[in-house]
Colleague: 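My questions all concern the structure below.
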Amino acid sequence: MIWLPFLLSVTLFVWLCLHWWLTSHAAKTARNHAGIRIVVTGSRGKSGTVRLVHSVLSHSGIDTYAKISGAIAEELRGDGESKLTTRIGPISATEMLAAVRRGARDGAQALVFECMAVAPKLIAFVVNEVVKPTIVIVPTIRLDHLEDEGHSLEEITRNIVSPLTGFETLITGDTDIRVLETLRGLAAEHDFRLIEAAVHDSQPVILEQHPVNVAIALAIATQVGIPHEVAREAIYGASHEPNAGIGWWIEHHGKRTFVADLGSANDVQSAREAIDAVRSFIGPKVPIIPVIANRWDRPLRGRSFVASAALTPGDLPVVLSGDAYAQSRVVARRGGLPPQRMERLRLVPSLTFGGITRAFNRWHGEEPEAAVLLLENMHSSAVRALRWTVTRHGHAVYTDRETQGVKK
Amino acid sequence: MTELDLARMTLIIGLVVAAFIYHRTRLVSGGLMTPAYLALVISAGSWEDVLGWAFLTLASFVIFKIVTYLIALPKAWLLMISIGISTILHGVIVLTTGGKGGHEPLTIGAFELILSGGMYLTPGLTAFDLSRQGWLRTLGVVVVATGVTLGIAAIGNLSGPAIPLTNPTSHVFTNYSLPVAMIVCVLLAEGMRIGFGWGSGGIIGAIFFVELLDVTSFIVIIVLVAITAIVAHYARRVLTMTPRQWFQFTMILGAVIAWMGLLVGSALGIDAAKNVGAYALEPLLAVGLISTDVARFGTRHTIYGKVIVLTGVILTNQLVQIGGFDSWIALVGLLFAVISIYIYAFREVRVGWRVAEDVGSRHPIVVNAKKPGATLRRQTRDRPRGA
């Protein structure tokens with residue numbers, strides 16, 4: 001009788017181990033069915049690259065399953081259907097095991113995964129243990145996730161790439177010499193082939209897709225033996241990020257405010273590029289009011305965004321939000337932003353049209369037009385509320401299509 | 001069957017249930033140990049402790065949110081701060097009320113010490129998960145996992161009558177030395193981690209080693225850790241799991257191996273195994289925690305950390321028990337030594353801040369074209385300082 005509690009405990013543990021083993025074994029078996037396995041990691045451009053590569057491969061007759069794991073988790077199947085990944089808990093690398101299995105269930109010959117992991121140790125887990133890719137793609141390396149990945153471009157590149165093993169080819173679209181030199185060194189050190197995908201004037205222009213991502217997708221086509229002409233046609237079938245390139249005009253108090261969510265540009269360099277794209281739509285003279293939504297669990301990203309926004313010239317305010325507001329104020333002051341130019345976005349006014357238009361009117365000052373750009377992240381409740389109110393009451397327009405300004 | 005077996009069974013069931021919920025849903029349970037801990041206190045009918053746990057969790061959460069509102073800290077610091085807050089809060093409450101571990105005397109056998117330890121640590125772990133995962137999901141998992149643990153444990157309880165144990169009262173810690181030792185232990189263990197990247201073999205493990213203070217018992221624990229490490233090493237060949245899942249696996253494996261080893265050792269009449277086996281939960285957790293730290297930080301770094309933490313706990317315990325002005329001065333000196341580790345570790349945090357602000361100031365996101373005369377307020381540099 002004395003052994004009964006022990007036996008019950010051991011039985012439960014063995015049962016749990018069996019679950020773990022079945023999951024591991026099924027993922028391994030599934031992975032080996034796909035001849036082409038690609039992991040997209042790095043700082044920016046991962047989701048767009050996955051969409052483009054999926055389009056190139058699947059429209060060229062290779063049955064492809066792809067998984068996007070950014071802010072929106074989505075799975076793209078060989079027949080072009082897409083499905084949102086059900087997430088009960090927070091984002092975790094364990095969902096990759098289930099994704100590999102689903103890919104095999106679809107009979108996919110090629111698997112393309114966006115690596116959602118940020119910490120180098122977890123990136124290595126996804127690459128070395130779960131997917132075991134034949135090709136690794138690093139679209140760009142940017143100064144983001146400084147607390148996890150390193151404090152310089154060289155360090156970040158090295159920390160992300162050097163623990164990865166077992167792949168044959170690495171394709172990058174980065175053009176920064178510090179990133180490229182580091183990658184060249186790693187290629188020699190770890191014996192993999194480095195392909196530097198360059199943007200060409202002759203390459204197709206795909207709406208809402210970055211040219212670097214397009215260049216990478218075409219490089220992948222060459223790698224797997226797809227004729228260039230076929231790949232150029234196939235690439236047009238790529239799906240788009242939901243709400244990519246959409247902004248909203250709000251009219252109030254005889255003024256006009258343009259609102260756009262650039263929260264997916266998570267580092268200051270990418271944010272600047274995104275703002276430039278918006279500028280080409282709204283015109284160069286419309287002043288910009290940045291809204292920085294800081295996050296307590298991404299403290300360094302918040303600091304770099306606030307330090308950057310503090311340099312915004314002019315008299316219009318810089319709006320701070322999020323659950324690390326006090327830190328943001330300190331950094332903004334240190335960056336030279338006077339207190340009278342600091343505004344705070346609060347939750348309750350953001351919930352109503354009257355509330356946001358009063359805030360916009362105050363922020364505009366004498367300016368008849370201004371652009372309110374939501375930056376840094378999409379997790380602040382006040383920013384979420386603002387976006388929700390704007391989408392309900394604003395006039396949505398595409399900002400980066402040929403039909404610019406057309407009502408959605 | 002004894003209460004000791006039932007407590008061990010409840011612990012392992014709690015760990016398995018929490019790990020299984022994570023495996024299926026990726027939801028964390030406010031600390032791997034929390035459902036098991038709550039199931040144990042509920043089994044003991046100590047509802048005051050459940051309320052105390054809820055109060056400490058809420059208080060830790062509120063303080064944690066205030067700290068993160070004010071200061072930008074890396075993830076390792078945030079977890080440390082969350083655990084530190086609940087430990088200091090509980091320690092202060094215990095010291096001001098004079099009760100051992102803050103509990104009414106429990107009559108559930110040999111695991112009084114571990115229950116005390118749980119109240120210091122689990123509220124901080126839960127507060128951290130509340131911040132990351134949200135209230136609904138975290139509390140939902142805690143309630144479900146605790147309920148399922150109690151349900152399965154109840155089936156085990158039906159298997160035979162419980163034989164009450166005599167409680168081996170602590171010969172080492174007193175009502176006042178335990179809270180102070182716990183605070184120093186937590187601060188030192190976390191300091192080792194963020195300051196030097198060293199493990200400490202777990203906070204519970206350190207307190208338990210000091211409670212034992214016996215070389216042969218120490219060897220028994222080390223042998224069990226070695227067996228766990230070997231089994232875990234071979235398991236890596238067949239299991240594909242995230243670092244969090246390896247932590248769960250090693251914790252449960254360590255507990256099962258410790259229990260089996262102590263049962264076999266006691267049956268063979270080995271005295272050292274009997275001494276260690278007199279404690280219900282401590283050896284099970286100690287083996288799991290040391291094994292996970294060895295896997296994460298390496299054997300050498302875990303030994304360094306363990307030695308420093310043990311020394312700190314022994315010193316603290318002695319100083320509090322000796323009492324008197326000199327002892328308190330020495331204790332304050334010890335606390336300053338601990339704080340100096342954090343000051344040392346904080347240098348890295350400041351470098352991170354500086355680099356992040358440099359990155360921002362070198363890449364202004366908005367350059368309004370309307371006022372061409374406007375200039376950047378800050379001189380930018382080619383490379384960040386400290387990079």
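Labels below follow one simple rule: chain letters A, B, ... track the order of the sequence lines, proteins then strands, and each chain is numbered from 1. Just so it is clear, the structure is predicted and the values come from calculations on it, not from any experiment. Heavy atoms only: backbone and side chains are in, while hydrogens, waters and symmetry mates are out.
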Colleague: Check A:Arg334 with B:Glu357, please: is the shortest side-chain N to carboxylate O separation under 4.0 Å?
Modeller: yes

Colleague: With a 4.5 Å cut-off on heavy-atom pairs, point out which of B:Ile71, B:Thr10, B:Leu78 contacts chain A the most.
Modeller: B:Ile71

Colleague: Is it the side chain or the backbone of A:Glu95 that comes within 4.5 Å of chain B heavy atoms, both, or neither?
Modeller: both

Colleague: Which atom pair, heavy atoms only, marks the closest approach of A:Trp20 to B:Gln245?
Modeller: NE1-NE2, 3.7 Å

Colleague: Indicate the atoms forming the closest heavy-atom contact of A:Ala326 with B:Tyr69, along with that distance.
Modeller: CB-O, 3.3 Å

Colleague: Please flag which part of A:Arg329 lies under 4.5 Å from any non-hydrogen atom of chain B: side chain, backbone, both or neither.
Modeller: neither

Colleague: If I measure from the heavy atoms of chain B, does A:Tyr325 come under 4.5 Å with its side chain, its backbone, both, or neither?
Modeller: both

Colleague: Could you go step by step and tell me if A:Thr94 and B:His23 meet the side chain to side chain donor-acceptor pair (under 3.5 Å) rule?
Modeller: CA-CA 8 Å; A:Thr94 53; B:His23 174 64; over 6 Å; no

Colleague: Do you know which two heavy atoms are closest between B:Ser361 and A:Ala307, and how far apart they sit?
Modeller: N-CB, 4.2 Å

Colleague: Quick one: of B:Thr25, B:Thr242, B:Val256, B:Val349, who has the most non-hydrogen atom pairs under 4.5 Å with chain A?
Modeller: B:Thr242

Colleague: Tell me, side chain or backbone of A:Leu22 under 4.5 Å from chain B's heavy atoms, or both, or neither?
Modeller: neither

Colleague: So how far is it from A:Ser304 OG to B:His363 NE2, rounded to the nearest 0.5 Å?
Modeller: 10.0 Å

Colleague: Is the side chain of A:Gln327 donor-acceptor paired with the backbone N or O of B:Thr68 at a distance under 3.5 Å, no angle test?
Modeller: yes

Colleague: Would one find more than 12 heavy atoms of other residues, nucleotides or ligands at under 6.0 Å from atom CG of B:Leu268?
Modeller: yes

Colleague: When rounded to the nearest 0.5 angstrom, what is the spacing between CE in B:Met9 and CG in A:Leu12?
Modeller: 9.5 Å

Colleague: With rounding to the nearest 0.5 angstrom, report the CZ to CZ distance, A:Phe13 to B:Phe249.
Modeller: 4.5 Å

Colleague: Could you give the distance from CZ (B:Arg244) to CG (A:Leu122), rounded to the nearest 0.5 Å?
Modeller: 10.0 Å

Colleague: Need one label for A:Ile91: side chain, backbone, both or neither, based on atoms under 4.5 Å from any heavy atom in chain B.
Modeller: neither

Colleague: Please check this pair: side chain of A:Ser308 against backbone of B:Ile365, looking for a donor-acceptor N/O pair closer than 3.5 Å.
Modeller: yes

Colleague: Looking only at non-hydrogen atoms, find the nearest pair between B:Lys75 and A:Arg298 and report the distance.
Modeller: NZ-NH1, 3.6 Å

Colleague: Which bit of A:Leu143 comes within less than 4.5 Å of chain B, counting heavy atoms only: side chain, backbone, both or neither?
Modeller: both

Colleague: Out of B:Met260, B:Arg8, B:Arg26, which one racks up the most heavy-atom pairs below 4.5 Å with chain A?
Modeller: B:Arg26

Colleague: Taking everything shown except A:Arg344 itself, do over 12 heavy atoms lie less than 6.0 Å from its CZ?
Modeller: yes

Colleague: Kindly say whether A:Ile88 contributes a backbone atom to a donor-acceptor pair with the side chain of B:Arg137 at under 3.5 angstrom?
Modeller: yes

Colleague: Looking at A:Val306, A:Asp323, A:Val10, A:Val130, which has the largest count of heavy-atom pairs under 4.5 Å with chain B?
Modeller: A:Asp323

Colleague: Do the non-hydrogen side-chain atoms of B:Asp5 and A:Phe6 ever get within less than 4.5 Å of each other?
Modeller: no

Colleague: Could you give the distance from CZ (B:Arg354) to NE2 (A:His151), rounded to the nearest 0.5 Å?
Modeller: 10.0 Å

Colleague: Closer than 3.5 angstrom, by distance alone: can the side chain of A:Ser24 be matched with the main-chain N or O of B:Thr240 as a donor-acceptor pair?
Modeller: yes

Colleague: Atom CD of B:Glu348 and atom CD of A:Glu147: how far apart are they, to the nearest 0.5 Å?
Modeller: 13.0 Å

Colleague: Using heavy-atom distances under 4.5 Å, tell me whether A:Thr86 contacts chain B through its side chain, its backbone, both, or neither.
Modeller: backbone

Colleague: By a 4.5 Å heavy-atom criterion (distance strictly below it), what part of A:Leu146 contacts chain B: side chain, backbone, both, or neither?
Modeller: side chain

Colleague: Give the member of A:Gly150, A:Ala117, A:Pro90 that has the highest number of heavy-atom pairs under 4.5 Å with chain B.
Modeller: A:Pro90

Colleague: Could you tell me which non-hydrogen atom of A:Pro299 sits nearest to which non-hydrogen atom of B:Leu73, and how far apart they are?
Modeller: CG-O, 3.2 Å

Colleague: Sequence neighbours excluded, which residues qualify as ring pair (Phe, Tyr, Trp, His ring centres under 6.0 Å) partners of B:Phe64?
Modeller: A:Trp296, B:Phe128

Colleague: Does any backbone or side-chain atom of A:Pro290 lie under 4.5 Å from a heavy atom of chain B? Answer side chain, backbone, both or neither.
Modeller: side chain

Colleague: Chain A heavy atoms under 4.5 Å from B:Leu15: which part of the residue, side chain, backbone, both or neither?
Modeller: neither

Colleague: Please check this pair: side chain of A:Arg272 against backbone of B:Pro364, looking for a donor-acceptor N/O pair closer than 3.5 Å.
Modeller: yes

Colleague: Tell me which pairs pass ring-ring contact (aromatic ring centres under 6.0 Å, His included) where either residue lies in residues 3-22 of chain B, with sequence neighbours left out.
Modeller: A:Trp15-B:Phe20, A:His19-B:Phe20

Colleague: At a 4.5 Å cut-off on heavy atoms, which part of A:Asp276 comes close to chain B: side chain, backbone, both, or neither?
Modeller: neither

